[in-house]
Amino acid sequence: MTIYNLGSINADYFYAVPHLPAAGETLAATSLGKGLGGKGANMSVAAARAGAHVRHIGAVGPDGGWMVDRLMEYGVDTRAIARLDTPTGHAIINVDAAGENAIVLYPGTNRCITDQQIGLVLSEAAAGGTLMFQNETNGQRYAAETAKSLGMRVICCPAPYETSALEEVISFADLVILNEVEARQHRDATGRPIGEGTNLKVITTLGAKGCVLMDNMTGQVQEFGAPQVTPVDTTGAGDTFAGYIAAGLDRGHSLEQSISLAVRAAALMVTRHGTADVIPDLKDVQDARF
Ligand code: RIB
Ligand code: NA
């Protein structure tokens, strides 16, 4: 089937810094890199590299042609990416010596996607297909509601976290994938764990400690460890994980099988500098010796 990913496309600017800058501090970076990124684009590339057919729904401006070309080169179907007249999104990513990051985003065209654009693409989708989305675009609610009514699998990755944005879409989701910071933000904002009282499956990623799967229907909780690696850049690891999960489910694998492969893909990703351009493919992940 096809994975439809409503997602952001950013130009990523990487600055290697000795530590993340504090308020009022001026800091010289020791290197600069530029590449394709955006949580959306990263997930599309990850799912494609995991072997899935992925159609990206998004938007770029006049400065974004190279990003669409690159997505295409990486095997993503780019026909549903609109070309608009405002600047494309970009991200300023500081990466410290331990591989931790702090990101500032300019959303640009990522927030200019129309319901009409989404509706047109999803009118070609079939039951059994997948919709996934993050929180760096607009249109998530319309997309989620439409996909649900079509009988598609709906995967919600609520990053960056925003309570109201998540509440608008949660009733349409089958699976939520978030990190422990986002899970805590949700608990703090609402007073309860995500998915409580629903049939949702929730995967909370725990960085080097792997992830936890909570099945709210059965109440079952499963923990998955991660291979131990020396991180150089954790940026994009969560996106790689989510893309691999979507691809695994699309291929008919169980959620547990999909998670087992996805934690390996994410572990490999943290050993690489960069985002979409360096996401490992299925062979890399299978061959990796941890
Ligand atoms: O998750 C990493 C991504 O967050 C980067 O590629 C950056 O563009 C931001 O969207
Ligand atoms: Na990385």
Side-chain angles (χ1 to χ4, degrees), residues 5-17 20 31-47 49 56 58-61 63-64 66-68 70-71 74 76 87-111 113 132-138 140 156-162 165 177-182 205 207-208 226-227 229-246 262-281 284-285 288:
N5 181 17
L6 168 63
S8 57
I9 302 171
N10 293 332
D12 279 354
Y13 295 90
F14 295 94
Y15 303 87
V17 288
L20 300 178
S31 74
L32 167 67
K34 184 183 178 188
L36 172 67
K39 294 186 198 306
N42 297 342
M43 287 187 202
S44 281
V45 172
R49 294 220 164 124
H56 191 99
V60 297
D63 55 342
W66 67 272
M67 299 185 235
V68 179
R70 222 173 259 193
L71 279 168
Y74 297 158
V76 175
T88 311
H90 71 258
I92 292 168
I93 306 177
N94 293 305
V95 181
D96 74 10
E100 281 303 330
N101 65 55
I103 304 179
V104 177
L105 269 188
Y106 176 73
T109 42
N110 293 315
R111 290 263 152 93
I113 299 164
M132 71 190 305
F133 53 84
Q134 313 77 34
N135 191 31
E136 286 183 352
T137 63
N138 60 328
Q140 292 90 317
C156 167
C157 305
Y161 182 80
E162 212 186 327
I177 305 173
L178 77 182
N179 66 28
E180 50 190 330
V181 176
E182 291 149 2
T205 60
V229 293
T230 306
V232 302
D233 177 8
T234 57
T235 320
D239 305 336
T240 300
F241 179 85
Y244 264 78
I245 299 280
V263 289
R264 290 174 61 83
L268 196 52
M269 184 62 179
V270 306
T271 67
R272 299 178 175 189
H273 287 283
T275 40
D277 301 303
V278 300
I279 292 172
D281 64 18
D284 286 344
V285 176

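Every number for a ligand or one of its atoms is a count from 1 in the order of the listing.
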Any donor-acceptor N or O pair under 3.5 Å, side chains [X], [Y]:
| X | Y | result |
| --- | --- | --- |
| Asn179 | Thr205 | no |
| Gln134 | Asn5 | yes |
| Asn110 | Thr137 | no |

Note down each nitrogen or oxygen pair, ligand 1 side and protein side, whose separation is under 3.5 Å; give only atom names and the distance to 0.1 Å.
| unit_1 | atom_1 | unit_2 | atom_2 | d |
| --- | --- | --- | --- | --- |
| ligand 1 | 1 (O) | Lys39 | NZ | 2.9 |
| ligand 1 | 1 (O) | Asp239 | OD2 | 2.7 |
| ligand 1 | 4 (O) | Lys39 | NZ | 3.1 |
| ligand 1 | 6 (O) | Asp12 | OD1 | 3.4 |
| ligand 1 | 6 (O) | Asp12 | OD2 | 2.6 |
| ligand 1 | 6 (O) | Gly38 | N | 3.0 |
| ligand 1 | 6 (O) | Asn42 | ND2 | 3.0 |
| ligand 1 | 8 (O) | Asn10 | ND2 | 3.0 |
| ligand 1 | 8 (O) | Asp12 | OD1 | 2.6 |
| ligand 1 | 8 (O) | Gly38 | N | 2.9 |
| ligand 1 | 10 (O) | Asn10 | ND2 | 3.2 |
| ligand 1 | 10 (O) | Lys39 | N | 3.3 |
| ligand 1 | 10 (O) | Glu136 | OE1 | 2.9 |
| ligand 1 | 10 (O) | Glu136 | OE2 | 2.7 |

Is the side chain of Thr234 donor-acceptor paired with the backbone N or O of Gly99 at a distance under 3.5 Å, no angle test?
-> yes
Take the Na ion (ligand 2) as the centre and count protein N, O or S atoms at distances under 3.0 Å.
->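 Every protein N, O or S atom under 3.0 Å from the Na ion (ligand 2) counted, the figure is 4.
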Roughly how far, to the nearest 0.5 Å, is CG of Leu36 from CH2 of Trp66?
->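 Taking CH2 in Trp66 and CG in Leu36, the distance rounds to 5.5 Å.
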Verify side chain to side chain contact (heavy atoms under 4.5 Å, CB included) between Glu136 and Leu105, making sure each step is shown before the conclusion.
-> CA-CA 9 Å; Glu136 286 183 352; Leu105 269 188; 3.4 Å; yes
Please report the closest heavy-atom contact between Ala226 and Gly207, naming both atoms and the distance.
-> CB-O, 4.5 Å
Is a salt bridge present between Lys34 and Asp277, judged by a nitrogen-to-oxygen distance below 4.0 Å?
-> no
Would you check if Pro280 and Arg272 make a side-chain contact, meaning some heavy-atom pair closer than 4.5 Å?
->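 When only atoms from C-beta onward are counted, Arg272 and Pro280 do touch, with a gap below 4.5 Å.
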